[in-house]
Peer 1: 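Input: one structure, supplied below.
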2 protein chains.
Amino acid sequence: MDQDDDQRQRTEVTLREVSAAVGLGMSTISRVLRNHGSFSKATRDRVMKAVEELGYVPNRIAGTLASSGSNLVGIVIPSLHNIVFPDLLSGAAVALNPIGFQTVIAVTDYDIEQEQKVIQSMLAWRPAAFLVAGLEHTERTRAMLKNSGVRIAELLDTDGEGIDIVVGFSQREAGAASARHLIERGYRRIGYVGPEFSFDPRARKRFEGFSAVIAEAGASVAETELIGRTSSTEVGRAALERMLARNPSLDAVYFSNDDFAVGGLFHCFASKISVPSQLAIMGFNGLDIGRFAPQPLTTVRTPRTEIGEIGARMVMAQGGAKVVDIPFELVRGATT
Amino acid sequence: MDQDDDQRQRTEVTLREVSAAVGLGMSTISRVLRNHGSFSKATRDRVMKAVEELGYVPNRIAGTLASSGSNLVGIVIPSLHNIVFPDLLSGAAVALNPIGFQTVIAVTDYDIEQEQKVIQSMLAWRPAAFLVAGLEHTERTRAMLKNSGVRIAELLDTDGEGIDIVVGFSQREAGAASARHLIERGYRRIGYVGPEFSFDPRARKRFEGFSAVIAEAGASVAETELIGRTSSTEVGRAALERMLARNPSLDAVYFSNDDFAVGGLFHCFASKISVPSQLAIMGFNGLDIGRFAPQPLTTVRTPRTEIGEIGARMVMAQGGAKVVDIPFELVRGATT
DNA sequence: GTAATATTTGGCAGCGCTGCCAAAATTGTG
DNA sequence: CACAATTTTGGCAGCGCTGCCAAATATTAC
């Protein structure tokens with residue numbers, strides 16, 4: 001029906017057509033458009049006018065193929081539902097957009113097999129660089145990345161071997177610092193709530209650092225609740241409830257992130273458990289929601305945006321492989 | 001230093017080299033790789049083996065140029081820091097990934113000029129389709145999109161004129177439904193907290209629907225607090241505080257999203273304002289954080305993930321232009 | 001004025017792949 | 001075994017652009 005009305009511009013406008021319209025060679029048009037090489041002011045105006053009139057949109061696919069160099073930066077993260085990762089992206093965008101680079105985002109759902117798949121398909125687009133969350137990858141992923149010749153930065157975690165650039169902080173040390181805080185404040189019967197270690201290596205490392213310090217202090221983590229892939233208020237709340245049902249004598253609970261911790265806090269409010277006198281609550285990440293809770297949450301503020309930004313800058317710069325540590329900060333609220 | 005060690009595979013492996021290695025023509029290799037056309041089982045195995053050994057990664061840039069058809073879908077959203085948009089993306093990914101399409105995400109920061117820019121640069125990559133949040137665009141954006149020939153779906157809002165496909169719900173009606181709820185429950189001195197109307201047209205439309213119903217009921221919105229670009233607990237909390245300082249007689253406040261509303265709820269907890277007897281709180285979006293607050297928040301659950309999924313499906317399908325309404329749902333909690 | 005120099009422009013090959021079609025190899029038929 | 005039908009394979013043009021270099025034109029020097 002009405003295929004006449006629906007006259008989609010079947011024939012895309014190409015450089016050649018602009019060239020014909022202006023009466024100049026294709027190379028000249030191309031130079032003007034990329035503002036590269038020399039051409040007269042008059043030429044420039046004529047070209048721009050024609051481009052405008054014809055509605056020409058340069059074809060970057062052809063351009064990239066011809067010049068071998070895309071303006072795409074691949075970013076690979078486990079999830080978008082944990083504020084950490086949007087923050088990382090914002091940071092990267094701050095560094096990348098002004099220099100004309102576009103980000104292509106892929107989500108792995110905390111699955112390194114899935115990560116391998118998405119990296120493989122991104123590689124097919126020959127990105128200028130890669131930003132990947134974490135240091136844990138399949139062997140094949142590591143190999144692909146290595147001999148792709150693409151610059152890569154691994155973000156958020158410095159506890160391990162990187163492929164090229166690594167920007168982050170020691171997750172282990174962050175866990176340890178959290179434990180030191182709880183120990184100093186006198187807590188001894190401590191619980192832990194976090195994601196299954198199998199899929200979140202950073203949470204695992206934090207836990208290792210955490211429990212090592214607790215053990216040194218002559219205590220041990222009395223209870224743990226390990227939960228699935230969703231970082232949410234709901235599961236944090238439910239986990240704390242279960243944990244306290246099992247072991248009401250706990251005096252502090254460490255949550256692997258603030259979403260969980262706020263859920264825990266909600267449980268305490270709802271069950272009239274007074275915080276921190278009956279039970280201390282500590283989170284991780286320094287989310288807004290925790291900072292502005294009725295009782296501000298004690299947490300560790302992580303430099304996510306900076307990590308994204310610095311990672312992006314480094315990956316675009318020349319220099320050799322490096323590890324950059326961006327410090328986290330323990331923020332005491334009113335819950336410990 | 002050690003440029004010998006650092007032997008990055010300068011010469012990328014190409015189809016031609018695979019072809020040479022296997023001793024078959026390039027077209028044959030290409031057919032095997034795309035599993036398209038016919039070839040013998042033996043050939044297939046030989047090719048796959050060589051591909052594996054050489055570490056060949058097909059160059060989609062060349063492929064797309066030659067076949068004119070990319071597997072990229074552009075998604076344009078105002079922010080990643082409002083859970084609405086990650087949800088939209090997840091929905092789209094569910095529909096797109098299984099059929100081999102990759103999403104390229106761009107963020108506009110609620111700025112339609114910025115939107116124009118990002119759409120222009122995405123267009124340069126000749127995406128197979130576009131998913132864009134909202135109906136409000138610059139004239140130029142609309143024109144570019146129209147004669148790009150790329151299929152486009154506008155998401156989240158059905159109050160207005162779409163370019164092609166529109167999937168969402170009536171924001172105005174959602175606001176009106178919220179107002180009806182508050183009126184029915186007997187509230188009359190009502191406040192509103194939301195983003196500046198200038199940059200968030202959907203919030204504006206909700207407010208319009210909301211205030212129209214309030215007016216019909218013989219009341220009017222007694223107080224409004226309009227705030228900047230950040231949707232966060234903090235600003236919601238501060239806004240409510242200011243509002244109540246000005247006008248302590250309010251009996252209900254409608255927040256334009258749950259983040260704000262939870263901030264308001266926190267203010268009430270902290271200031272010992274009893275909810276809902278002294279003050280009713282209502283939010284919008286149906287976020288986890290609101291549902292599992294000590295007092296579950298009354299809110300409107302919006303079908304974000306479905307909208308993303310259905311939008312993606314429609315944009316990939318044939319059919320003509322359409323408007324699809326995905327219903328929202330008012331969820332009464334314990335705060336009204 | 002001409003020669004030397006600087007600026008602007010055009011032509012053409014080729015980036016790595018796919019689509020098309022014809023050639024070669026394989027299988028089936030009487 | 002010849003011939004037709006079918007399956008598998010290869011050759012080549014060309015997608016739209018850029019990089020290179022040479023040609024044309026403008027500018028300056030003497």
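Scope of the values below: all heavy atoms of this structure, side chains included, with no hydrogens, waters or symmetry mates. Below, read A as the first sequence line, B as the second, and so on, with proteins coming before strands; counting in each chain starts at 1.
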Peer 1: Does the C:dG11 base have a donor-acceptor partner in the side chain of A:Ser27 within less than 3.5 Å?
Peer 2: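 A donor-acceptor contact between them is present.
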Peer 1: Quick check: do B:Val324 and B:Ile326 have side-chain heavy atoms less than 4.5 Å from each other?
Peer 2: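 Heavy-atom side-chain distance check passes, below 4.5 Å.
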Peer 1: So, is B:Thr28 near the phosphate of D:dG10, with a side-chain N or O under 4.0 Å from OP1 or OP2?
Peer 2: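 For B:Thr28, the contact criterion (side-chain N or O under 4.0 Å from OP1 or OP2 of D:dG10) is met.
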Peer 1: How long is the line joining CZ of A:Phe39 and C1' of D:dA26, in whole Å?
Peer 2: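 Those two atoms, CZ and C1', are 17 Å apart.
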Peer 1: When B:Thr64 is tested against each of A:Thr64, A:Ile61, A:Asn59 for side-chain contact (heavy atoms from CB on, under 4.5 Å), which residue passes?
Peer 2: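 The passing option is A:Ile61.
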Peer 1: Could you pull out the closest heavy-atom pair between A:Thr158 and A:Asp325, with the gap in Å?
Peer 2: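 Looking at all heavy atoms of both residues, the shortest contact is OG1-OD1, 3.9 Å.
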Peer 1: Give a yes/no answer on whether the side chain of A:Ser67 brings an N or O atom under 4.0 Å of OP1 or OP2 in D:dC17.
Peer 2: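 For D:dC17, OP1/OP2 do not have a side-chain N/O of A:Ser67 under 4.0 Å.
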Peer 1: Just to confirm, is there a sub-4.0 Å distance from OP1 or OP2 of C:dG19 to any side-chain nitrogen or oxygen of B:Arg34?
Peer 2: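 Looking at the OP1 and OP2 atoms of C:dG19, one of them is under 4.0 Å from a side-chain N or O of B:Arg34.
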Peer 1: If you compare every side-chain N and O of A:Ser30 against the phosphate oxygens of D:dC17 (OP1, OP2), does one of them come in below 4.0 Å?
Peer 2: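 No, A:Ser30 has no side-chain N/O under 4.0 Å of OP1/OP2 on D:dC17.
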Peer 1: May I ask you to decide whether A:Arg313 forms a salt bridge with A:Glu309, counting only side-chain N to carboxylate O separations under 4.0 Å?
Peer 2: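 Answer for the salt bridge query: yes.
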Peer 1: Tell me which of B:Ile29 and A:Thr14 sits closer to the 5' end of DNA chain D, going by the nucleotide each one is nearest to.
Peer 2: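 So the residue in question is B:Ile29.
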Peer 1: Grab the CG-P distance between A:Asn71 and D:dT18 for me, whole Å please.
Peer 2: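 Rounded to the whole Å, the gap is 12 Å.
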Peer 1: Flag the pair B:Arg142 and B:Glu139 as a salt bridge only when some basic side-chain nitrogen lies within less than 4.0 angstrom of an acidic carboxylate oxygen.
Peer 2: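 B:Glu139 and B:Arg142: salt-bridged.
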Peer 1: Can you tell me the distance, in whole Å, between the CZ atom of B:Arg31 and the P atom of C:dG19?
Peer 2: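 Rounded to the whole Å, the gap is 11 Å.
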Peer 1: Nearest-Å distance, CD (B:Glu17) to P (C:dC15)?
Peer 2: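 The answer, rounded to whole Å, is 11 Å.
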Peer 1: Looking across every strand, which nucleic acid part, if any, lies under 4.0 Å from A:Thr43 by heavy atom: base, sugar-phosphate, or nothing?
Peer 2: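 The answer is sugar-phosphate, as A:Thr43 gets under 4.0 Å only of primed atoms, P, OP1 or OP2.
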Peer 1: Can a donor-acceptor pair under 3.5 Å be found between the side-chain atoms of B:Arg126 and the base atoms of D:dG16?
Peer 2: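 Such a pair does not exist between side chain and base.
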Peer 1: Could you check how far CG of A:Leu15 sits from P of C:dC12, rounded to whole Å?
Peer 2: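 A:Leu15 atom CG is separated from C:dC12 atom P by 17 Å.
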Peer 1: Compare side-chain N and O positions of B:Ser38 against OP1 and OP2 of D:dT8 and report whether any pair is under 4.0 Å apart.
Peer 2: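 It does, given that an N or O in the side chain of B:Ser38 lies less than 4.0 Å from OP1 or OP2 of D:dT8.
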Peer 1: Whole angstroms only, please: what is the CH2-C1' distance between B:Trp125 and D:dC17?
Peer 2: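 My rounded result for the distance is 12 Å.
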Peer 1: Taking CG from A:Leu65 and P from C:dT18, how many angstroms apart are they, rounded to a whole number?
Peer 2: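 Distance check: A:Leu65 CG to C:dT18 P gives 12 Å.
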Peer 1: Taking the nucleotide of DNA chain C with the nearest heavy atom to each, does B:Ile61 or B:His36 sit closer to the 5' end?
Peer 2: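 The residue closer to the strand's 5' end, by nearest nucleotide, is B:Ile61.
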Peer 1: To the nearest angstrom, how far is B:Asn59 atom CG from C:dT18 atom C1'?
Peer 2: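 Rounded to whole Å, this separation is 12 Å.
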